[in-house]
Amino acid sequence: MPSARTIRLRVNGEERRLTVDAATTLSELLRGQFGLTGLKIGCDLGECGACTVLLDGKPVLSCITLAVTADGAAVTTIEGVAHGGTLDDVQRNFLEHGGLQCGFCTPGMILSAKGLLGEQAHPDEDTVRHALAGNLCRCTGYQKIVNAVTGKSAAGGAPSKVDGVPQVTGAAQYTDDLALPRMIHGKILRSPHPHARIVSIDTSGAERMEGVLAVMTGKDLPEKFGILPASQDETALAVDRVRFVGDPVAAVAAIDERTAKEALSLIEVRYEPLPAVLSMKDAARRDLPKIHNDTRYRDNTAKHVELAFGDVEEGFAGADYVREDEFFYDGNTHAMLEPHSALASYEPAAGVPAAGSSAVGGGYLTLWSSTQVPHYVHRTLARVLGMPESHIRVIKPYLGGGFGGKSEPFALEMCAAWLAMKTGRPVKITYTREEVFYSHRGRHATRMWLKTGVKKDGTITAVDYKAWLDGGAYGSFGVVTSYYTGQFLTLPYKVPRFRFESTRYYTNKPPCGPKRGHGAPQPRFAFEAQFDLIAAVLGIDPAELRLRN
Ligand code: FES
């Protein structure tokens with residue numbers, strides 16, 4: 001440790017003297033060396049506030065604070081907020097006001113609040129909002145958090161959350177907080193191209209690097225998977241082609257994250273770039289390469305759906321007013337605070353490997369994952385690893401938000417499992433915030449054409465609807481979304497005649513999937529916007545128009 005320095009810290013009241021590398025951040029020191037995992041890493045860029053701790057009573061972002069700069073300071077983490085066995089008032093207020101849901105942002109929120117309350121005993125709402133502006137929360141909507149800090153009496157009292165106490169004390173463990181003896185770390189190499197053929201991959205440089213224990217490529221796990229029978233188009237790592245910037249290509253397991261990351265730079269991948277399909281307009285062209293060769297369409301259509309009931313043309317003929325509009329709803333992503341993380345541990349079999357089991361052995365795999373749907377992960381691991389389901393256990397610890405974005409199996413789960421089987425050591429892989437965006441599975445960008453007929457009194461006579469969905473590089477949950485976009489359009493209203501067609505395209509972008517309302521917000525936005533326009537033309541109050549239907 002050439003640039004090491006000795007520092008003194010008072011951590012949660014305990015004096016510590018230790019030697020740290022000058023490049024070590026305070027969050028790395030507190031989580032890694034002190035095991036204070038109540039401090040969370042949401043972005044590692046000083047943007048989200050989940051890593052907030054108090055330095056001499058003042059909130060700081062520990063992920064962008066060097067440990068050496070804290071020399072001589074008193075550090076308070078969430079584990080040091082309660083008074084012995086009694087919760088602090090702020091912790092109790094968060095519980096009583098329902099100021100937490102997934103709890104991932106909660107330690108940082110509470111410490112920012114403690115910093116403010118240390119300066120002002122009774123701040124007003126604006127002051128609280130200003131003080132917490134650097135702490136992001138994706139679950140609560142903020143008002144209950146603000147109420148918890150001002151101490152405003154809870155409306156009716158929030159029902160107590162069964163897992164609330166560990167969340168306000170920092171005892172709740174999310175996947176990245178877990179550590180096992182002899183655990184090593186994995187990192188994934190990703191494609192810099194939106195669309196390219198993989199000519200060759202040379203992993204020898206990474207394999208020779210000190211501290212590297214295993215390297216894998218797509219050829220090690222070539223079995224295709226997808227959560228639906230109709231979308232079996234992914235592999236754990238790209239096998240012969242990359243289909244979006246960020247597509248996983250190779251993975252490394254090493255003694256620590258820094259070594260694993262450095263080893264990625266020693267993997268040499270030769271690509272032959274292919275024309276990229278970056279819009280739905282291009283996806284409908286037949287002169288551009290197909291992103292997946294084995295579809296039944298001649299362009300980059302991934303799924304086409306049609307559904308109708310009633311005689312729509314008759315409905316329009318009987319209408320007093322018919323209008324057509326086009327709408328566009330842009331794609332967006334979940335931005336859950338907890339990045340995806342997986343930890344795999346493999347116990348070799350005592351006897352001879354079972355017939356049909358993985359070449360690595362017939363043992364037992366345990367995987368902890370930040371997944372919303374453990375059974376999808378379970379089934380996919382069995383398929384991809386060639387193991388019996390009874391030899392795999394998937395555990396979901398506390399989950400720091402998902403909103404649909406952690407519904408499917410991801411590369412890190414399969415890579416952590418394979419690397420653990422290969423090395424015989426537990427392997428953890430946690431995505432960076434950048435990788436979370438590549439993994440995506442967010443809301444489909446959707447273009448919509450909508451034709452609605454109504455009588456003079458506003459009664460709907462018929463609806464005709466066409467949707468085009470930008471699905472990104474893989475099927476994901478998008479097959480379902482192709483149906484939902486039509487099925488969710490009519491939900492709140494009586495629509496006697498209805499027809500819809502939807503087309504989901506493959507494009508060379510991160511794959512889209514389910515996100516809060518899965519496929520519903522886009523058509524609901526289009527229909528409600530058009531309904532308002534109809535209300536204005538008919539001179540009917542928009543609320544009344546909805547009640548009549
Ligand atoms: Fe704030 Fe989930 S409770 S991010």
Side-chain angles (χ1 to χ4, degrees), residues 27 31 37-53 59 61-63 77-79 81 87-88 90-116 128-150 154 158-177 332-341 369-373 396-407 430-433 436-437 439 441-442 514-517:
S27 61
R31 279 180 64 86
T37 54
L39 176 174
K40 303 297 179 214
I41 301 298
C43 65
D44 223 9
L45 296 165
E47 297 286 346
C48 75
C51 68
T52 303
V53 299
L61 298 166
S62 62
C63 78
T77 69
I78 192 69
E79 291 87 348
V81 171
L87 293 182
D88 184 83
V90 181
Q91 291 170 311
R92 216 170 9 249
N93 278 351
F94 268 72
L95 291 174
E96 286 173 6
H97 286 78
L100 69 159
Q101 287 189 26
C102 81
F104 198 80
C105 70
T106 308
M109 286 282 181
I110 289 176
L111 286 159
S112 288
K114 288 289 290 177
L116 171 65
V128 172
R129 285 185 181 276
H130 185 73
L132 298 186
N135 291 80
L136 303 182
C137 176
R138 285 287 289 135
C139 307
T140 62
Y142 296 106
Q143 187 59 50
K144 290 176 178 178
I145 292 172
V146 173
N147 292 349
V149 183
T150 57
S160 61
K161 216 170 162 294
V162 288
D163 48 4
V165 172
Q167 289 174 320
V168 298
T169 61
Q173 292 210 302
Y174 299 76
T175 306
D176 190 44
D177 301 336
N332 50 52
T333 199
H334 319 78
M336 71 296 278
L337 260 266
E338 179 206 22
H340 306 64
S341 182
S369 175
S370 60
T371 178
Q372 287 177 257
V373 193
K396 182 197 76 67
Y398 280 85
L399 188 71
F403 320 123
K406 292 174 180 167
S407 299
T430 299
Y431 282 170
T432 61
R433 180 53 56 179
V436 173
F437 284 115
S439 302
R441 316 286 158 155
K515 185 190 171 211
R516 283 186 161 174

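Whatever order the structure lists them in is the order used to number ligands and atoms, beginning at 1.
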>> Under 4.0 Å from a heavy atom of C105: which atoms of ligand 1 are those, numbered in the order shown and with their elements?
In response: 1 (Fe), 3 (S), 4 (S)

> Does a salt bridge link K406 with E338, judged by any charged N lying under 4.0 Å from a carboxylate O?
Replying inline: yes

>> Using a 4.0 Å cut-off to any heavy atom of C137, which atoms of ligand 1 qualify?
In response: 1 (Fe), 3 (S), 4 (S)

>> Regarding D177 and R31, does a basic nitrogen lie under 4.0 Å from an acidic carboxylate oxygen?
In response: yes

> Is there side-chain contact between R129 and Q143, with at least one heavy-atom pair below 4.5 Å?
Replying inline: yes

>> Taking 4.0 angstrom as the limit and counting only heavy atoms of C139, give me the atoms of ligand 1 inside it, by number and element.
In response: 2 (Fe), 3 (S), 4 (S)

> Which atoms from ligand 1 have a heavy atom of C102 less than 4.0 Å away?
Replying inline: 2 (Fe), 3 (S), 4 (S)

>> On a heavy-atom basis, which atom in T52 and which in L111 lie closest, and how many Å separate them?
In response: O-CD1, 3.2 Å

> Considering all heavy atoms of both residues, which atom of D88 and which atom of K114 are nearest to each other, and what is their separation?
Replying inline: OD1-NZ, 3.0 Å

>> For the NE2 atom of H340 and the OG1 atom of T430, what is their distance to the nearest 0.5 Å?
In response: 11.5 Å

>> If the cut-off is 4.0 Å to any non-hydrogen atom of G103, which atoms of ligand 1 fall inside it?
In response: 2 (Fe), 3 (S)

>> So for G401, does at least one of its heavy atoms come nearer than 4.0 angstrom to any atom of ligand 1?
In response: no

> Quick one: nearest non-hydrogen protein atom to atom 4 (S) of ligand 1, plus distance?
Replying inline: R138 N, 3.3 Å

